[in-house]
Amino acid sequence: MGFFTTRSEKRWARGRRVMEIRRKAPALDVKRCNEMACEVCTLANEKIQSPQMKPSGSNHPRIYILGEAPGAWEDQDGIQFVGRSGQYLRKQFPSQVRKTLRFNNCVRCRPPDNRTPSPLEVECCRQSILKDIEKTKPEVVLGVGDVALRWMTGQTGIKHWCGRYIPIRVGKHACWFMPILHPAFVLRARNGSDREWLSTEWADVFESHCAKVVRDLFTERLELPDPEDLEHLYDGIEIIECDRRGLKRLRKRLQAFDAKAPLIPVAIDLETHHLRPYHSDSVVLTFSLSDGTNTIAVPLDHPGAMWDKASRKEVLRLLEAWLHGPCIKIAHNALFEMEWLAELFGLDILRSCSWDDTMVQAYILDERKGNMGLDSLTLQYFGFNLKAQSDIDRNKLRETPLDKVLRYNGLDSRYTARLDGKQRGRLDAEGSMGDYRFHMKRLPSIVHAQALGLPIDQREVRKYDNLFIHEIEKAKAGIKGLKEVKQFEAEVGPFNPASTTQLTKLIVNYIHKGQQIERKDHNRKSKYSTDKVTLALLKHPIARYILRLREMSKLHGTYISNLLPGGSYLYPDGCIHTEFHTTFTATRRLSSDNPNVQNFPMHKHAEVRSVVVTPPGCVLVSGDYGQIEARVIAMASKDKVLLKALWERYDIHMDWARRIERVCPSVFTPYRDEAETKEKAWDSFRSVVKNKWVFPTFYGSFCERLARNLDIPIRKAQGLYDEFWDMFNGVRKWQDRLLAFYDKHLYVETLTGHRRHAPLSRNMIFNSPVQGTASDIVVDAGDRVSEAAETDDKPWLQWRLNIHDDLTFAVPKDKVEDALVDIVPTMVILPFKWVIAPISVDISIGPNWYNKKKIGTFSSDEL
DNA sequence: TCCAACTGCGCG
DNA sequence: AAAGCGCGCAGTTGGA
């Protein structure tokens, strides 16, 4: 059965669904299936006890439960949802509600061996089910599992869609569709028969969604939706022509928008060539503005745009003036629009007007991945699939006829504006408006950082390019020379050392000699592992070569080759312009890509960082928050011991390093033997204890795992573990409070009020508030420093890099002292009332990202 | 040929 | 039954 497949991002437009069906079964004719139904259905010939099973339950249902297909029990009884999972589903509804249920399946005949019904079978049944829904007029259709979700909406990814209301129209009847998890999946997850070990979490989610529907229908009086009428999608969209009249209409429309400002916000959407404005041929092709009712779509630099030079300039001038005007601007992913507009009109566009962002709104309301695209959201709020409305290839907009681009552009901005209205209402209702505003504050400084970028030193890049290629070749040659590899190549074919499957075959079939490469952690699917830890135990020269090859390839492929001229991360200005996202992580951290600066080597091969340099005459100044997550744990839990340790500068990691050494001296021996001095030995042991004992324990690691981490006997670890929680019992109590809060609300909150929703495992419940709060502290500080960059006209106060707990600035050499006076206090003195621990930053300075020297630690209680 | 899943590995 | 959390990217594999 296919109900738990997770095809997260894939979107199934209606047309695409048909294509998909055709591709799977070239002979399949959807129209014919719909018309001929059972006459062409492959299930018609199967031996079935209850063929074409009639829907069961109420004839005037309030809730219509739509499953995938009958199973064995259902086929035997001739009634839907009577098997084990069916009973579990029925149990979710109180007895008076049960009388209002009607049951049906997407496919009415049982497919042999409960296989997933084929597209043809699904299409053959479709009309009969649609007719039944239309006839019986339910208020909510509960789509059970992935198949029903796809059947009704064309979407996949039930885990991302479950629990959302989607307006639908079935014939003349309009109602809600809510996908829910399949009870069979929930039950199996609970029994833990496969890797879905998030057991009761999924059951909680499933049960809460059922309960939500019952509550909304029987106590809250859910109103029926009014899905958008596809006939009127393009209403009020005005295409501006490239002539005097067009210019006049543009001016008039902008004035009309301004007349209603700031009451009525206006959406802005740009269509561009390239996703970033830093390429030599990056241009804005068209733009569109809409208040949801009136929309204009304006050509700009699309090849089909026929503005004369003066008129084009006037269009830009009008747009710029309007941007600085009183209207509140909405965008879907405002970072994108802001970045392009900053490139067109200068950086002061970022803070000179107020921005709203429908993607951020969606993220605040529900951070689940894959559903923040405008097309998913229009489906959810308006009941139609936006992308399916136009057959446009987003990657080829420059080659697409102008009028087509404009219509598409207009539709996007129109629905961005309308979406803003809907989501704003929900943010208010859920009490999340404050969180949303807090989130929006960070956008200008992020765009500013992206626009400034950072210069790359090509000499360094070339140096590492040569070095790594040389090392890669050396390792490859070493591998080729091994006799087992020669044997493998003679018998099987060329050996690719980068292929884990080939490497496994080589080891198992040619090297073996009783050596084990079985996977120890069962979080992965494959039986064998060739990762670093496993290979390190392999007593054969291939292990050393492979690890060296991987080490060098990783460095070269991920950090160096894309920075060479022509590499995808290097722009014509010689800089990288890393993109920071605010809506990708589940915890509110920023994520970074193109290139991801958050995973550049920091420990082994940190010297690679020297490719990132500063503009001429500047140095890099970094402020690193010290132990920020520990401080957040202390502030959230108010644990007396932890707070005291922070105020008195007591080093709890070293404390635990010593405690562990006392109980189990042998774990320290290797550190003592390896280090030059005793002090250095303790230093490195301390950092191991920090990362393998203290933090994992705070984040929910159990004793067995900790013992394995440090390689100490479980009996001794147990004593230490108990001692740890005895000492920090305030943290333990706080964790219990978090669990109770989650049980009640099905979400947890950061100290800044940001929510992360179910399903959450026990450890995510502990971790999310900490990680999210720590990130908010850092990003907010970056934003406040950056604001000073603008108001005090000190451009060097705009941060360039944010890596979870640090902010890095490029400061002119003669302004460093001055900059620190601004940066340090802003970073350590936090404007939140829950701050009850001292906050500290380490400042380091240097000519590039690698060669930095720590100049001091500054703490809030010393300033 | 393209896409998604998987493995492995870098960072906090 | 078993459990630290959070990311993004490169490269391979296998299915459509």
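Naming: A, B, ... by sequence-line order, numbering from 1 per chain. Both backbone and side-chain heavy atoms feed into the values below; hydrogens, waters and symmetry mates do not.
Applying the side chain to side chain donor-acceptor pair (under 3.5 Å) test to pairs two or more places apart or on separate chains, those with a residue in residues 690-703 of chain A are A/E629-A/Y699. The stretch residues 721-732 of chain A participates, sequence neighbours left out, in these salt bridge (charged side-chain N to carboxylate O under 4.0 Å, His left out) pairs: A/R659-A/E723. Under the salt bridge (charged side-chain N to carboxylate O under 4.0 Å, His left out) criterion, the residue pairs touching residues 545-564 of chain A are A/E471-A/R548, A/R548-A/E551, A/E551-A/K604, with sequence neighbours excluded.
Residues passing the side chain to side chain donor-acceptor pair (under 3.5 Å) test with A/Q450, sequence neighbours excluded: A/E339. Considering only residues two or more places apart in sequence or on other chains, A/D465 meets the side chain to side chain donor-acceptor pair (under 3.5 Å) condition with A/H556. Considering only residues two or more places apart in sequence or on other chains, A/H439 meets the side chain to side chain donor-acceptor pair (under 3.5 Å) condition with A/T582, A/R588. Scored by the side chain to side chain contact (heavy atoms under 4.5 Å, CB included) test, A/H581 finds A/E579, A/F584, A/S591, A/D593 as partners (sequence neighbours excluded). Partners of A/S568 according to the side chain to side chain donor-acceptor pair (under 3.5 Å) rule, which considers only residues two or more places apart in sequence or in another chain, are A/N562.
For the residue pair A/T773/A/D776, the side-chain donor-acceptor check at 3.5 Å is not satisfied.
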- Task: Using Watson-Crick or G-U wobble pairs with both distances under 3.5 Å, give me DNA chain C in dot-bracket, 5' to 3', with [ ] for crossers and | for pairs to another strand.
- Result: ....||||||||||||

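Within residues 601-611 of chain A, the residues that place at least one heavy atom under 4.0 Å from DNA chain B are, in residue-number order, A/P601, A/M602, A/H603. Listed by residue number, A/A586, A/T587, A/R589, A/S591, A/S592, A/D593, A/N594, A/N596 are the residues of residues 586-596 of chain A with a heavy-atom contact under 4.0 Å to DNA chain C. Near DNA chain C, meaning a heavy atom under 4.0 Å from it, residues 765-779 of chain A has A/N767, A/Q771 in order of number.
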